[in-house]
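Remarks on the structure that follows.
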Protein chains: 2
Amino acid sequence: MLTDGQFEYFYSHFKRQAFQKGQALITEGDRVDYEYFVVSGCLKSFFINDDMKMFILQFAMPTWWASDYNALYHRTKATINVDCITDGELLCLSNDDREKLCREIHNVEHFFRWRTNKGFVAAQKRLLSFMNNNVKYRYEELLEQYPELYNIVPKQLIAAYLGVSRETLSRLYHP
Amino acid sequence: MLTDGQFEYFYSHFKRQAFQKGQALITEGDRVDYEYFVVSGCLKSFFINDDMKMFILQFAMPTWWASDYNALYHRTKATINVDCITDGELLCLSNDDREKLCREIHNVEHFFRWRTNKGFVAAQKRLLSFMNNNVKYRYEELLEQYPELYNIVPKQLIAAYLGVSRETLSRLYHP
DNA sequence: AATACTGTGTGATCCAGGTCACTTTTGAAT
DNA sequence: ATTCAAAAGTGACCTGGATCACACAGTATT
């Protein structure tokens with residue numbers, strides 16, 4: 001889709017960054033300037049409610065993107081957090097640079113439209129699964145889709161993704 | 001964003017269509033060629049599971065769009081349905097025409113990227129509310145955001161949107 | 001007015017999953 | 001090896017919401 005020269009230019013706007021397990025990338029209440037493309041490692045985007053309970057919106061594996069897209073697009077304070085589950089490496093793209101690149105190169109805008117559509121469809125699909133399926137099914141669905149998660153991510157976090165307590169998840173396979 | 005001439009051209013690709021209560025626009029298993037912009041009236045997009053239970057993904061009110069975006073973008077058979085809750089009027093845009101317009105007019109592609117992002121953020125937000133809040137809260141959140149729904153849409157459908165049984169919804173305010 | 005259909009209310013019962021409190025395992029750090 | 005912290009398992013108990021069954025609107029249709 002992009003010529004070599006265009007890709008070179010596109011790529012030059014990304015900042016490569018190493019990150020360590022536990023490092024916060026986006027914190028609730030802060031400004032959000034970047035979205036992140038995962039080269040290696042694993043991120044999570046999550047929300048903490050008033051009772052300090054965590055809900056995970058997304059595990060971002062290699063080739064996935066993560067950010068607080070509401071805050072990023074509308075220049076408002078973050079309402080969700082993004083941090084690192086493992087060490088790894090990522091490419092950072094600022095909102096300004098993305099918009100600039102989208103303006104300058106039509107195909108870049110096309111790319112981001114399709115990526116966002118993919119995310120939208122995935123979110124709707126997850127919503128349906130939430131309404132339709134019980135925990136066990138959703139857990140197996142998740143592991144089928146991302147078998148790596150089983151080894152990388154503590155069960156607590158998987159429970160927070162599935163929207164159940166860690167006890168319930170534990171009891172699924174230790175009745 | 002668009003010049004008058006561009007808008008004229010853009011608009012010329014939409015087919016205006018009147019629709020009646022109960023009319024199906026997209027049916028599971030069929031091909032999906034269009035997305036729909038609601039001028040007046042109200043649509044629902046929904047999924048029916050093996051037990052014939054309905055789950056509503058979206059109520060589409062005026063100025064909203066609806067389709068099976070997965071099927072539409074990937075030219076696969078519909079997995080979700082869209083039909084009309086009330087009489088009304090809509091503008092139909094074919095997938096081919098959207099892609100053509102996006103190719104021809106950069107700003108159209110920009111528009112659809114932003115629209116899709118908005119949908120993505122809304123879906124994520126609903127997912128969070130699902131995990132975080134109980135039925136009563138979600139019901140009141142919904143009515144606060146779309147007070148019209150209360151009069152237009154039967155409670156059964158609201159229950160199917162909230163992901164609870166109609167009995168439970170009824171008991172919320174008739175204990 | 002009688003019929004039929006769609007939307008609701010409501011009681012009784014059941015169960016998936018939550019919560020709390022405690023124990024055990026694992027794994028990293030000294 | 002020892003210590004400490006994070007993760008995971010487990011028992012007892014509670015509760016929101018599902019399910020089933022039936023009653024009671026409204027509002028078309030004949």
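- When ring centroids are compared, B/F112 and A/W114 stay outside the 6.0 Å threshold.
- Shown are B/F55, B/F59, B/F46; of these, the ring-ring contact (aromatic ring centres under 6.0 Å, His included) with B/Y161 is made only by B/F59.
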Could you walk me through whether A/Y36 and A/F19 pass ring-ring contact (aromatic ring centres under 6.0 Å, His included), step by step?
CA-CA 12 Å; A/Y36 302 98; A/F19 59 91; 8.8 Å; no
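- Rounded to whole Å, atom P of D/dA8 lies 9 Å from atom OH of A/Y150.
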Per-nucleotide protein contact along nucleotides 7-23 of chain C, 5' to 3', at a 4.0 Å heavy-atom cut-off (B base, S sugar-phosphate only, - neither), is SBBBBB----SBBBB--
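- A ring-centre distance under 6.0 Å is not found for B/Y146 and B/Y150.
- Annotation: side chain of B/D83 is not in contact with side chain of B/L43 (no heavy-atom distance under 4.5 Å).
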Go through it in stages, so that I can follow the logic: the residues are B/T63 and B/F37, the test is side-chain contact (heavy atoms from CB on, under 4.5 Å), and I'd like the CA-CA distance, side-chain angles, deciding distance and then a yes or no.
CA-CA 6 Å; B/T63 78; B/F37 175 85; 4.2 Å; yes
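- For the pair A/N132 CG and D/dG17 P, the computed distance is 18 Å after rounding to whole Å.
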Going 5' to 3' through nucleotides 24-30 of chain D, assign each nucleotide B (protein heavy atom under 4.0 Å from a base atom), S (under 4.0 Å only from sugar-phosphate atoms) or - (no protein heavy atom that close).
-------
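- Rounded to a whole Å, the OH atom of A/Y173 is 12 Å from the P atom of D/dG9.
- Between the A/T86 side chain and the A/G41 main chain, no donor and acceptor come within less than 3.5 Å of each other.
- Side-chain atoms of B/E8 do not come within 3.5 Å of backbone N or O of B/G5 as any donor-acceptor pair.
- The closest donor-acceptor contact from the side chain of A/E109 to the backbone of A/H106 lies at 3.5 Å or more, if one exists at all.
- Comparing the start and finish of the helix from C/dA1-D/dT30 to C/dT30-D/dA1, five pairs each, the helix axis swings through 40°, to the nearest 10 degrees.
- Counting only distance, with no hydrogens or angles, the side chain of B/R126 and the backbone of B/L57 share a donor-acceptor pair below 3.5 Å.
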